[in-house]
Amino acid sequence: MEKATKISPFRLSSLLRLEKNARLALKLFRNPRATAPATPPKPFRYSARSYDLIICKLGRARMFAEMEEVLHQMSLETRFTTKEALFCHVISFYGRARMPGPALHAFDRIPSFRCRRTIRSFNSLLHAMLNCGELERVQSLWRDLDEREFVPDACTYNVLIHAATSSGSLGEAWDLFDEMRRKGIRPSVATFGTLVSALCANSKLDEAFTLKKEMLKLHGVKPNVYIYTSLIKGLCNTNKLDLALKLKEKILLEKDIKLDSAMYSTLIRALFRDGRKGEVVRILEEMKEKGIKPDTVTYNAMIAGFCEDEKDFDAAFEVLNEMARNGRKPDVVSYNTIIAGFCKERRWRHASELLEDMPRRECRPDVVSYRTLFEGMCDAGAFEEAGLLLDEMVFKGYAPGAVSVRKFVEGLGGEGAGDRAGPALCSLAKVKAAGVEVWEKAVGDSVNESELLEVVKFMDRLRMD
DNA sequence: CTAGGGTTAG
């Protein structure tokens, strides 16, 4: 009987690998002996591999409390030491979830697992801060870096260059590029990817194409599909869709470059924008011929096309169905796109319905979902509903965008919205969504005395921040 | 998934 229920550490690893659902995987991990809780325990000897698997599963599922618990359990293990790579993952998970504090904390604790930190985990941390939008943090980490402890590598510079471009400073990016070469660190294809992408995003197509040539001639680095996708997007955004399509044809002839769904997603979005929906079918066929499956982003590009350009919401919903048929789960972008489309057409009730339906569709609305609908309601003059939505989003910890806050406050100032304005302003204050000027304009006669006091208190706090 | 591309919002 015992042999039927006993699971070896090795077997646990394979089971964990197969279990897609993080919650179930955790259950499995915590109770590896399938039955007989009565048979007591010598402690189960978890393998390092099992820890890797469960921690990464939990991190991907953003079950951070559980992930930390398992990390702690692992720290008590003496039979093996943890690889730095696992901490790199953990730091990235926090970065992707925009949790800079925990990311830093994870980095700080690596030595307590008897694991030596290298430039790799430092790079992970740097990148996590970039993902969190903490650009000044990226700067300070870089400034305070002790190069005797961590020797910067190409990856370090790639993150720094990315940070520079995303703060809009191409000049700084080039300085870093020069600096790394002075130090004898060879730029990688990722370095050029970042630079080409930034040039394209700034409509500097000529420079982008020049750099593409130089990377091979001067630096011996071959352009890959990432580089080409940036270039194609750059062409699309400067009204050169036909050139973009030609470039795609040229790449098809290149032996060692494999096109992928990202490149096709770019083209599909651009075709819709140019009113060339008819050609999308051909593109989809081409993908099929090449064995490239549309992914969620590809479908989202079509949804955006149908909503923004074609105003064909039935078709957009049909794409959702198509995704279901092909086993691609619509994500928050899929829904946000439709919500935005409805709002642009002033059909905020439809947008609202969809947002309410998202949980049933197993997708949690995010800050963009709420901001989009909130602004849509304000634009349509539906301030009462906007106020209700505001309460809900504040409750969830989401702040509306600055522009819609202004619209909202101005809208409330209109015909005798007195009773609604006060509570709504308090909500805004709670998430500090409005600047001081907005308050001073807004706090007229529409707020009663106790509410005024509340708002003034919040204003003081705003001033101090 | 230590670094680069593609879809939404601002």
Side-chain angles (χ1 to χ4, degrees), chain A residues 52 55-57 59-60 84-93 95-96 107 117-128 130-131 150 152-163 165 180 185 187-198 200-201 215 221 223-234 236-237 259-270 272 294-305 307-308 319 330-341 343-344 365-376 399-405:
Chain A
D52 281 0
I55 286 168
C56 288
K57 280 217 157 80
R60 262 187 289 269
E84 186 187 19
L86 180 59
F87 297 107
C88 292
H89 283 116
V90 168
I91 293 167
S92 312
F93 293 140
R96 278 184 1 193
F107 177 76
R117 287 185 303 202
T118 73
I119 190 66
R120 288 168 186 247
S121 43
F122 179 83
N123 290 342
S124 300
L125 181 63
L126 211 56
H127 188 229
L130 173 60
N131 277 339
F150 298 113
D153 60 9
C155 181
T156 317
Y157 276 95
N158 290 344
V159 176
L160 293 170
I161 289 171
H162 194 183
T165 60
M180 72 189 284
I185 301 170
S188 65
V189 66
T191 318
F192 292 105
T194 309
L195 290 167
V196 168
S197 163
C200 289
M215 61 185 279
V221 181
N224 63 4
V225 68
Y226 282 59
I227 305 276
Y228 282 111
T229 302
S230 291
L231 292 171
I232 282 184
K233 188 184 175 187
C236 291
N237 290 341
L259 295 198
D260 60 15
S261 60
M263 173 167 290
Y264 284 104
S265 303
T266 313
L267 288 168
I268 288 171
R269 187 67 192 91
F272 270 105
D295 60 12
T296 300
V297 176
T298 315
Y299 288 114
N300 287 350
M302 292 196 275
I303 291 174
C307 291
E308 303 283 314
V319 175
D331 65 4
V332 70
V333 176
S334 321
Y335 296 111
N336 289 352
T337 306
I338 303 180
I339 289 173
C343 286
K344 257 189 200 135
D366 68 359
V367 63
V368 177
S369 325
Y370 281 103
R371 284 185 177 184
T372 307
L373 179 57
F374 182 72
E375 181 153 11
V403 176
S404 38
V405 166

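Quick note on labels: first sequence line is chain A, next is B, and so on, each numbered from 1.
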Handout entry: Under 4.0 angstrom between A:His127 side-chain N/O and B:dA3 OP1 or OP2
Key = yes

Exercise for the section: Indicate whether OP1 or OP2 belonging to B:dT2 is found under 4.0 Å from a side-chain N or O atom of A:Arg117. Expected result: no

Exercise for the section: Please round to the nearest 0.5 Å and tell me the distance separating atom CG of A:Asn336 and atom CZ of A:Arg371. Expected result: 12.0 Å

Considering every strand and a 4.0 Å limit on heavy-atom distances, what is the contact class for [X]: base, sugar-phosphate, or nothing?
X	result
A:Lys344	sugar-phosphate
A:Val332	nothing
A:Ser121	nothing
A:Ser369	nothing
A:Asp295	base
A:Glu84	nothing
A:Ser261	base
A:Val189	base

Whole Å only: how far is the [atom1] atom of [X] from the [atom2] atom of [N]?
X	N	atom1	atom2	value
A:Met263	B:dT7	CE	C1'	15 Å
A:His89	B:dA3	NE2	P	9 Å
A:Arg269	B:dG5	CZ	P	19 Å
A:Lys233	B:dG5	NZ	P	9 Å
A:Asp153	B:dT2	CG	P	13 Å
A:Tyr226	B:dA3	OH	C1'	10 Å
A:Tyr157	B:dT2	OH	C1'	16 Å
A:Asn131	B:dT2	CG	P	13 Å

Exercise for the section: For nucleotides B:dG6 and B:dC1, find the distance between their P atoms and express it as a whole number of Å. Expected result: 16 Å

Is [X] side chain donor-acceptor paired with the [N] base, going by distance under 3.5 Å alone?
X	N	answer
A:Thr372	B:dG10	no
A:Thr229	B:dG5	yes
A:Ser265	B:dG6	yes
A:Asp260	B:dG5	yes

Exercise for the section: Could you list the residues that satisfy ring-ring contact (aromatic ring centres under 6.0 Å, His included) with A:Phe192, not counting sequence neighbours? Expected result: A:Phe177, A:His219

Minimum-distance nucleotide (side-chain atoms of [X] versus [options]):
X	options	result
A:Arg96	B:dA9, B:dA3, B:dC1	B:dC1
A:Ala262	B:dA9, B:dT2, B:dG5	B:dG5
A:Ala340	B:dA9, B:dT2, B:dT7	B:dA9
A:Glu375	B:dG10, B:dT8, B:dT2	B:dG10
A:Ser124	B:dT2, B:dG6, B:dT7	B:dT2
A:Ser230	B:dG5, B:dT8, B:dG6	B:dG5

Handout entry: A:Arg117, CZ atom: more than 12 neighbouring heavy atoms under 6.0 Å
Key = yes

Problem - For A:Asn237, side chain to side chain donor-acceptor pair (under 3.5 Å) partners two or more places apart - result: none

Exercise for the section: Measure the acute angle between the ring planes of A:Phe150 and A:Phe107, then classify it against the limits of 30° and 60° as parallel, tilted or perpendicular. Expected result: tilted

Exercise for the section: With the side chain counted from C-beta on, respond yes when A:Met215 and A:Pro223 share a heavy-atom pair under 4.5 Å apart, and no when they do not. Expected result: yes

Practice task
With the side chain counted from C-beta on, respond yes when A:Tyr264 and A:Leu259 share a heavy-atom pair under 4.5 Å apart, and no when they do not.
Solution key: yes

